[in-house]
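First the structure, in the form of structure tokens, and then the observations on it.
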2 protein chains.
Amino acid sequence: MLSFCGQDRCSVDANGRLKLSPKVVADFTGKCGGQVVMHCLPEGAIAIYPEEIYLEMRRQETLPAAKAANSMVFRRSMRRFGAMSSPESISNQGRVTLPQAFREYAAVNPGSEVFVVGVEIGIEIWNTERWAEEIDRMNEHAREKGEREMAADLLPGDNISNN
Amino acid sequence: MLSFCGQDRCSVDANGRLKLSPKVVADFTGKCGGQVVMHCLPEGAIAIYPEEIYLEMRRQETLPAAKAANSMVFRRSMRRFGAMSSPESISNQGRVTLPQAFREYAAVNPGSEVFVVGVEIGIEIWNTERWAEEIDRMNEHAREKGEREMAADLLPGDNISNN
DNA sequence: CATAATATTCCATTATAATCCATTTTAGTC
DNA sequence: GACTAAAATGGATTATAATGGAATATTATG
């Protein structure tokens, strides 16, 4: 039934809390009973996933202790996911509290307007200007990829796969 | 269920003690009854692991006596883990005392603010400035890796996996 | 134009964190 | 061996921050 779609403009209150739209709240309560995980992305936004989605993301790591003892790269990976993730719950009134460190990281200030963006498996909270830049970046990438695909279609021998 | 996550800003008291957040204390008491091992990392921070996690880290070392007799590299490894680790316990009020030598190593001074960082298998205590640098380092690495992945997505032949 | 629903702001209550104080233990010196 | 001094540990109190709820206002739909 098409969960976690669309874009909403929302405001963060003075205490760093965000009121989610009834549609988004319904998507979360249906999937995980309101238990979610917030995660800071390298792209500079805060992702919010149902808990089970996040656990699936991290399930790949086996024997973490042994690897951590010997590898700085592995420790950095654990540190990144540990420090940049936090379990939270959606309140009865459909609000979530964004941890202070995450707000600073994502430039989501109390009292500011943000974009709540559906990403099919969850949502992302974006600073308004960063979201505009990200749209440009996504479109530019897709356009460039399309141009290359068109150019490749001109070459002989490729015609079977392309309609 | 998603232990040792997030970042907390905490202050070290005049006696070098640190009050842990109730969430972190609960994670430790659930895992090991409050018996922990402190360990100085090469990154310049103090890690605190449940005792069983630390034992798992060191379990790989088989026949240590025989290897120690013949290898300076191995002796150095044993020496590092020995000197840089110390068993401690979390007090009834959720406080831990950081050994003096560890405090100096990690630049965690009595009366200063530190970051308590979740790393999924335990926590790390970071000097504030060092933690800011470490975040920059992790983000720069993730950003560079992402850029290379995006560039690779433009190349022909990759299209199957990336839809 | 009116009514209903959703959103935002403000206030009150609860919980958490930090500082300060007291008691106990250990070490050193006489 | 005993006494004194210093340091540390445990506990309690006060202050600040956060969370939850309620009320009012605005927007949308009928």
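So that the names make sense, note that chain A is the first sequence line, chain B the second, and so on, each numbered from 1.
Straight-line distance from the CZ atom of A:R9 to the C1' atom of C:dT8: 16 Å, rounded to whole Å. Regarding B:N15, its CG atom lies at a distance of 14 Å from the P atom of C:dC21, rounded to whole Å. Look at CG on B:L20: it is 14 Å from P on D:dG10, rounded to the nearest Å. Taking atom NZ of residue A:K23 and atom C1' of nucleotide C:dA5, one finds them 18 Å apart after rounding to whole Å. Between the CG atom of B:D13 and the C1' atom of D:dA8 there is a distance of 10 Å, rounded to whole Å. Atom-to-atom, CD of B:Q100 to P of D:dA7 comes out at 11 Å; the value is rounded to the nearest Å. Summarising the geometry, the separation between CG on B:D8 and P on D:dA17 is reported as 15 Å, rounded to the nearest angstrom. The interatomic distance linking B:L18 (CG) with D:dA8 (P) rounds to 16 Å, in whole Å.
One hydrophobic cluster, built from ILVMFWY side chains closer than 4.5 Å, holds both B:L41 and B:I121. Linking Ile, Leu, Val, Met, Phe, Trp and Tyr whenever their side-chain heavy atoms come within less than 4.5 Å leaves B:F115 and B:F102 in two separate clusters.
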Tell me, with the steps shown, if B:R137 and B:E133 meet side-chain contact (heavy atoms from CB on, under 4.5 Å). CA-CA 6 Å; B:R137 227 173 279 124; B:E133 291 164 13; 3.7 Å; yes

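Applying the 6.0 Å contact sphere to CG of B:N92 captures no more than 12 heavy atoms from other residues, nucleotides or ligands.
When the nucleotides C:dA7, C:dT19, C:dT9 are ranked by their closest atom to the side chain of B:S11, C:dT19 comes out on top. Closest approach to the A:P22 side chain among C:dC20, C:dA17, C:dA7 is made by C:dA7 (side chain taken as heavy atoms from C-beta onward). The side chain of A:R95 lies closest to D:dG20 when the candidates are D:dT9, D:dG10, D:dG20. Distance from the side chain of B:R17 is smallest for D:dG10 among the nucleotides D:dG10, D:dG21, D:dT19.
Within 3.5 Å, a donor on the side chain of A:Q93 pairs with an acceptor on the base of D:dG21, or the reverse.
In this structure, A:T97 reaches the D:dT19 phosphate: one of its side-chain N or O atoms is under 4.0 Å from OP1 or OP2. Distances shorter than 4.0 Å separate some side-chain N or O of B:K19 from OP1 or OP2 on C:dA17.
Taking CD from A:E43 and CZ from B:R143, the interatomic distance works out to 11.5 Å, rounded to the nearest 0.5 Å.
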